[in-house]
J.: 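Got a structure for you, questions after.
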Amino acid sequence: MSDQPLDISHDQHAVRLSKLAEMRAAGIDPFRAEFQTTHFSDAARRAYVDGQDYTVKVAVAGRLVVIRDMGKSQFVKIFDQQSGGAEGPLQLYVKKDLVGDESYAAFKKLDLGDILGAEGTLFKTKTGEITVRVDRYVLLAKALRPLPEKWHGLSDPEQVYRQRYLDLIVNPESRSRLLLRSRIVSHVRRFLEDRQFVEVETPVLQSVAGGAAARPFTTHHNALGMDFVLRISLELYLKRLLVGGIDRVFEIGRNFRNEGISRRHNPEFTMLEVYQAYSDYRGMMGLVRELLLSLCQTVLGTTRIRHAASGQDIEFAGEWREVPYRDLIREATGDADWFKRSKAEKIAGAEALGLKVDPSWEDFEVTNEIFSKRIEPGLIQPTFVTHLPRELCPLAKLNREDPTVLDVFELTIGGMEIAPAYSEQNDPLEQRRMFEAQAGGEQQNVDQDFLFALEHGMPPAGGMGIGIDRLCILLTGAESIRDVILFPQLRTTPAP
RNA sequence: GGGCUGAUAGCUCAAUGGUAGAGCAGCGUCCUUUUAAGUCGUUGGUUCUGGGUUCGAAUCCCAGUCAGCCCA
């Protein structure tokens, strides 16, 4: 072995570990330091009084993201929860003759990424930036790993998703998009609570995966010796609560579907479901329109949003188009008698529209393929597609005049299904027939406990679901569901 | 599940089949109002993994891993 110390200057992790060891040798443990803040960065800037430099005292803390060392003084910037706006991280000014020689020498050894607290007074620099002139600082946590590059940020999509914490630090667009999601969810809650809706939590572990058609995740409870599924929908438990007299009820919760992953699908996703007794699908139209309008106004500050994929602006104010499903199909196929055609004719019609159709599909599935592939993607402006064929959802009421269709709508915006809503089926006998037809004789797939609850009487009600992730895609202009989920599902790999 | 594309320094990216480079970050120096600060110098590579072709592979071929996009 050589007596020469190894050159570790190229290995940033090793350099930082050795800086930490030096500090500890000098009796300083930066992970045990304490500090009380008085302001977030934005509040500190607001606390500045024009023309009154060095009078207002603040204590701020955050992550060091910029260092401009000028020898005997430095400008640095710290990043905290509130520094995501236009002004960005808060600037600190550290002068050797103010903090003292020893403290200044230690400051020079700090690294980008370190978390520190600083006390000082506010002033405005020559170029007009409100800055904290530091009297005292404390290192609160040493960062042993370097941050991504300051100008280009983190752009490798894999790292953006796997190391979201870095994405949040260095990519302001990611940060504001994901924080916007929090504001959207928060506003949805407030909107519904203002209208006397009660928020509840229902079981995620269920013995029957009801309320939707999807493959569930399965798991096992050891003590009970029972298999469970993770819920694929919130619907059947919320309806039990309608039976229980909670007339306006909602849940914002995670559903799990054991299916493909794509730009529009994550195996776990967030649904809002709302039920209102003594209302119906038409009542839900008003509710969802008001909700989205107020979301746009309060969260985005505009009712018009840019839809990049189509190049159109989506306008939320004004009347929303309302059109029966069958009219859209007749229009798309150019066949006024579409619904009188045989299955073979429908398959031919779908193929004429360039669709691949599985001959084993049912009639209505062939037609619905046309809807989801050729019609829905073109519905950019908010559109209520009403009166879907009865085969498409077994939990809604049949239309009184035309019992082949349902009293339901699907709200479509930006080519995406945003909110389905029903006049909820509350006839327990009819509900049982629908379930049994859907289960195809597999009784274990019928939620008997729910049907038993319905037999006690559920008030007539309107119900609606909103996929929160898709709503966020729409309102934030994101390209993928992964961009509105903090930690999207990826294959697990060993830590780097 | 199928197709296409990609993986090079901590990060962002270069590199006709012929010595793997740059910017930022790091390390060392100068600078007490900077704004992607500036200045001078400088370290750093299992080119995703494993095979193959070739005198020679980051580059071509095969297999795999991971990711993105499209399709189912």
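Residue numbering restarts at 1 for every chain, and letters A, B, ... go by the order of the sequence lines. Hydrogens, waters and symmetry mates play no part in the numbers below; they use all other heavy atoms, side chains included. From a predicted model like this one, the values you see are computed outputs, not experimental measurements.
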J.: To the side chain of Asp97(A), which of U12(B), U32(B), A36(B) is closest?
T.: U32(B)
J.: Sticking with atom C1', work out how far G18(B) lies from U12(B), rounded to a whole angstrom.
T.: 28 Å
J.: Kindly give the heavy-atom pair with the smallest separation between Ile485(A) and Glu268(A), and that separation in Å.
T.: CD1-O, 4.3 Å
J.: Regarding Tyr54(A), tell me which of base, sugar-phosphate or nothing describes its non-hydrogen contacts under 4.0 Å with the strands shown.
T.: base
J.: Counting just side-chain N and O atoms, does Arg482(A) come under 4.0 Å of either OP1 or OP2 of A67(B)?
T.: no
J.: Tell me, do Val208(A) and Leu236(A) make a side-chain contact under 4.5 Å, heavy atoms counted?
T.: no
J.: Taking only residues two or more places apart in sequence, or in another chain, which ones meet Lys57(A) in a salt bridge (Lys or Arg N to Asp or Glu O under 4.0 Å)?
T.: none
J.: For Arg341(A) and Thr333(A), test the side chains for any donor-to-acceptor distance below 3.5 angstrom and give the result as yes or no.
T.: no
J.: Can you find a pair of side-chain heavy atoms, one from Asn368(A) and one from Trp361(A), that are under 4.5 Å apart?
T.: no
J.: Which value, in whole Å, describes the distance between the P atoms of nucleotides U19(B) and C70(B)?
T.: 39 Å
J.: Please determine, for the side chain of Arg491(A), which listed nucleotide (A67(B), C70(B), C24(B)) has the closest atom?
T.: A67(B)
J.: May I ask you to test the Lys124(A)-Asp53(A) pair for a side-chain heavy-atom distance under 4.5 Å?
T.: yes
J.: Could you work out, with salt bridge (Lys or Arg N to Asp or Glu O under 4.0 Å) as the rule, every residue matching Arg470(A), not counting sequence neighbours?
T.: none
J.: Mind checking side-chain contact (heavy atoms from CB on, under 4.5 Å) for Ala352(A) and listing every partner two or more places apart, or none if nothing turns up?
T.: none
J.: Going by side-chain contact (heavy atoms from CB on, under 4.5 Å), name the residues that satisfy it together with Ala209(A), two or more places apart in sequence or in a different chain.
T.: Pro216(A), Val229(A), Ile232(A)
J.: Could you check whether any side-chain heavy atom of Val66(A) comes within less than 4.5 Å of a side-chain heavy atom of Lys150(A), counting everything from C-beta outward?
T.: no
J.: Please name all residues satisfying side-chain contact (heavy atoms from CB on, under 4.5 Å) with Ser83(A), sequence neighbours left out, ordered by chain then number.
T.: Ser41(A), Phe79(A), Asp80(A)
J.: Name the nucleic acid region contacted by Val170(A), choosing base, sugar-phosphate or nothing; use a 4.0 angstrom heavy-atom cut-off, strictly under.
T.: nothing
J.: Which ranges of RNA chain B pair up as stems, where a stem means three or more consecutive Watson-Crick or G-U pairs with both distances under 3.5 Å?
T.: B:1-7 with B:65-71, B:10-13 with B:21-24, B:26-28 with B:40-42, B:48-52 with B:60-64
J.: Specify the closest pair of heavy atoms between Phe35(A) and Ala118(A), including all atoms of both residues, with the distance to one decimal.
T.: CZ-N, 3.3 Å
J.: Just to verify, what does Thr125(A) make a side-chain contact (heavy atoms from CB on, under 4.5 Å) with, not counting sequence neighbours?
T.: Phe75(A), Gln91(A), Phe123(A), Thr127(A), Glu129(A), Thr131(A)
J.: With a 4.0 Å cutoff (strictly under), does any side-chain N or O of Lys150(A) reach OP1 or OP2 of A25(B)?
T.: yes
J.: Taking atom C1' in both U39(B) and C31(B), compute the distance separating them and give it to the nearest angstrom.
T.: 8 Å
J.: Quick one, which residues of residues 343-361 of chain A touch RNA chain B with a heavy atom under 4.0 Å?
T.: none
J.: Is Glu259(A) salt-bridged to Arg215(A), going by a charged N under 4.0 Å from an acidic O?
T.: no
J.: Assess whether one donor atom and one acceptor atom, taken from the side chain of Gln12(A) and the base of A25(B), lie less than 3.5 Å apart.
T.: yes
J.: Establish, for the pair Arg133(A) and Tyr54(A), whether the NZ or CZ atom is under 6.0 angstrom from the six-membered ring centre and no further than 45 degrees off its axis.
T.: yes
J.: Please work out which residues in residues 67-77 of chain A have a non-hydrogen atom less than 4.0 Å from an atom of RNA chain B and list them by number.
T.: Arg68(A), Asp69(A), Met70(A), Gly71(A), Lys72(A), Ser73(A), Phe75(A), Lys77(A)
J.: Measure NE2/His265(A) against C1'/C69(B) and give the value in whole Å, please.
T.: 16 Å
J.: Whole-Å distance between A67(B) P and Asp483(A) CG?
T.: 15 Å
J.: Whether the side chain of Tyr93(A) and the base of U35(B) hold a donor-acceptor pair under 3.5 Å is what I'd like checked.
T.: no
J.: Any base atoms under 4.0 Å from Leu166(A), or only sugar-phosphate, or nothing? Heavy atoms, all strands.
T.: nothing
J.: In whole Å, measure the gap between the C1' atoms of A9(B) and G45(B) for me.
T.: 6 Å
J.: Starting the side chain at C-beta, find the nucleotide from C24(B), U32(B), G68(B) nearest to Glu149(A).
T.: C24(B)
J.: Write down the atom of Leu112(A), the atom of Leu147(A), and the distance for their closest heavy-atom approach.
T.: C-CD1, 4.3 Å
J.: Which nucleotides of nucleotides 40-47 of chain B have their base under 4.0 Å from a protein heavy atom (B), which only their sugar-phosphate (S), and which neither (-), written as one string 5' to 3'?
T.: ---BS---
J.: May I ask you to say what Gly153(A) touches in the nucleic acid, namely base, sugar-phosphate or nothing, with a heavy-atom cut-off under 4.0 Å?
T.: sugar-phosphate
J.: Under a 4.0 Å heavy-atom cut-off, which of residues 113-137 of chain A touch RNA chain B?
T.: Phe123(A), Thr125(A), Lys126(A), Thr127(A), Glu129(A)
J.: State which residues pass side-chain hydrogen bond (donor to acceptor under 3.5 Å, both in side chains) with Lys126(A); sequence neighbours excluded, sorted by chain then number.
T.: none
J.: If you only use heavy atoms from C-beta on, which nucleotide in A25(B), C11(B), A67(B) is closest to the side chain of Gln159(A)?
T.: C11(B)
J.: Could you measure between the two P atoms, the one in C61(B) and the one in G6(B), and give it in whole Å?
T.: 11 Å
J.: Is Asp111(A) salt-bridged to Lys142(A), going by a charged N under 4.0 Å from an acidic O?
T.: yes
J.: What contact category does Arg263(A) fall into here, base, sugar-phosphate, or nothing, at under 4.0 angstrom with non-hydrogen atoms?
T.: sugar-phosphate
J.: Counting the atoms with a prime plus P, OP1 and OP2 as sugar-phosphate, which does Lys19(A) contact under 4.0 Å by heavy atoms, base, sugar-phosphate, or nothing?
T.: sugar-phosphate
